[in-house]
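First the proteins, then the strands, lettered A, B, ... as listed; each starts at 1.
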Amino acid sequence: MMNSSLLTPSSSSSSHIQTPSTTFDHEDFLDQIFSSAPWPSVVDDAHPPPSDGFHSHDVDSRNQQIMMMPLNDGSSVHALYNSFSASGSLPNFHIPQGSGGGLMNQQGQTQPQPQASASTATGGTVAAPPQSRTKVRARRGQATDPHSIAERLRRERIAERMKALQELVPNGNKTDKASMLDEIIDYVKFLQLQVKVLSMSRLGGAASVSSQISEAGGSHGNASFAMAGGSQTAGNSNDSITMTEHQVAKLMEEDMGSAMQYLQGKGLCLMPISLATAISTATCHSRNPLIPGAVADVGGPSSPNLSGMTIQSTNTTMGNGNGKLNGNGNGVTKGTSSIAVKEAVSVSKP
Amino acid sequence: MQPTSSMNEEFLKKWQMGLQIFRPSIDNTSVHERKKAIKLSADVAMASLRKGTTCWSRALIEKTATEDNFLVRQMLSGIKAEALINKKLPKKIVCHRKIVRRSKKILRRKSKSASEEAAAKAKRLVKRRTQGLRNVVPGGELMSNDVLLLQETLDYIVSLQTQVNVMRSIVDAAEAEIERTVCCSENAIVIRGWRDYSKPFCT
């Protein structure tokens, strides 16, 4: 133990006691006193000074001999302290033994320990009957088992990081660990998909995207119709997205209304890019730079001259777009307006 | 911690450096190649920003090195590249499912009070989710403890955000440019709220 080690003749030429690093000592006033009070260099002396205090105590020759031995238990510190208070003179080395605890018991401040027990006790606890093992004074409300300490530390660290993640992830107001983890997973997947989509969409070029998707869809000639966001190399998690997109593509070829309905059923919507960017810029400045919405590109099936152009651009309102896309302008407008509202709602949620 | 503008700039620089490597062959390749080029260089750029301090960056670099070693070497010029590529990653933590299942069954036969069951269920959920997180984050399988996993996830999310920001701003700029020059027909796009992604992803 730290306390006792300082008293070994070999160890210290220092006149200060270092505070033990264990947390249990903080509440021990004796240790505080030890830390503040410098030990005089007499500590090194092997021989006790022949002072009055020396004789005033019940010391037998055995103790004298024992003084030469390296001190291994903390109680010796207390013994010294006791001698301090008792004699008021130069410190004396009164090393209590298991049986010699009479000295200590007189003071009634420390608990006697056998010399053999190299314990962590720092005790200023109430004098207890001699025990083979000293009890560690526990911090209030906390366990002393090293395992539980480690466990507690680990839990604290995890909680810290969960809190940081909560701030980072939008919609991270969940208190439950499992649902928070769920959100995190979804968010990471979403970001990864966004990167994929962005790297494909405009950076990749419209024609190439369209040709790729049409390849995947099987209709080679339909260069005008393209969807980004899913690719042939998509992993398992993206298969369903690709399927959705292919489904929507198919439906759009037949009837815009059904495509919209299908999307509605899934909770998705169609929206012109200008509106999307408007929404995203409106929301993204508020909290985090990331827009809670991925952008995938869908080219209208109508115009064949899309191959040279980028898909993503549109200046027109939805009304015009509907007119171009198919004849069912009214139905689509209605649908889209309602969906747009829904989308606006969902966007504003975080 | 939100992605800062300096991080954005650094990523952009590194990414452009990577894209330069593809420059000569950029026009005669298919979209697939192009997308791959973009994505790979972006990944390596993102990972190299961390300079090998985080586990996910090393795992990501290793993964891209298997696909395009030349690119990785070019981008991470210097000894660092060699060290990162040849660095032996810790072994994947593999549990034999049969054994795990059997031990779980044995455990389940023990006492089952109501509160215990609820706690056990919650624990199972959390465990399943952390496993899911390990699958998503690059190098997640190699992280031994949860604390490290969460830390890496944090860093990875921030890097992904910078990546997305930079890419998106480029796309927006390019779009504005094209809108001015070319008269485009009307197109619609599909927007998904990010929550909706979760539905198909739930496994």
Measuring from atom [atom1] of [X] to atom [atom2] of [Y], what distance do you get when rounded to the nearest 0.5 angstrom?
X	Y	atom1	atom2	answer
A/M180	B/R129	CE	CZ	12.0 Å
B/L133	A/I185	CG	CD1	5.0 Å
B/L154	A/E167	CG	CD	9.0 Å
A/R157	B/Q151	CZ	CD	9.5 Å

_Top contributor to chain A interface from B/T153, B/V126, B/V147, B/N135 [non-hydrogen pairs under 4.5 Å]_ =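 Option with the greatest count: B/V147.
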*Distance-minimising heavy-atom pair for A/L191 and B/V164*: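 Looking at all heavy atoms of both residues, the closest pair is O-CG2, 4.0 Å.
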*Closest heavy-atom pair and its distance - B/D146, A/R154*: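 Taking every non-hydrogen atom into account, OD2-NH2, 3.4 Å.
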_Below 4.5 Å, heavy-atom pairs only: which of A/M162, A/E160, A/R161 has the largest tally toward chain B?_
A/R161
*asked:* Between A/I184 and B/I157, is there a side-chain heavy-atom distance shorter than 4.5 Å?
replied: yes
*Give the intermediate values and the outcome of side chain to side chain contact (heavy atoms under 4.5 Å, CB included) for residues A/D186 and B/V136.*
CA-CA 9 Å; A/D186 288 342; B/V136 179; over 6 Å; no
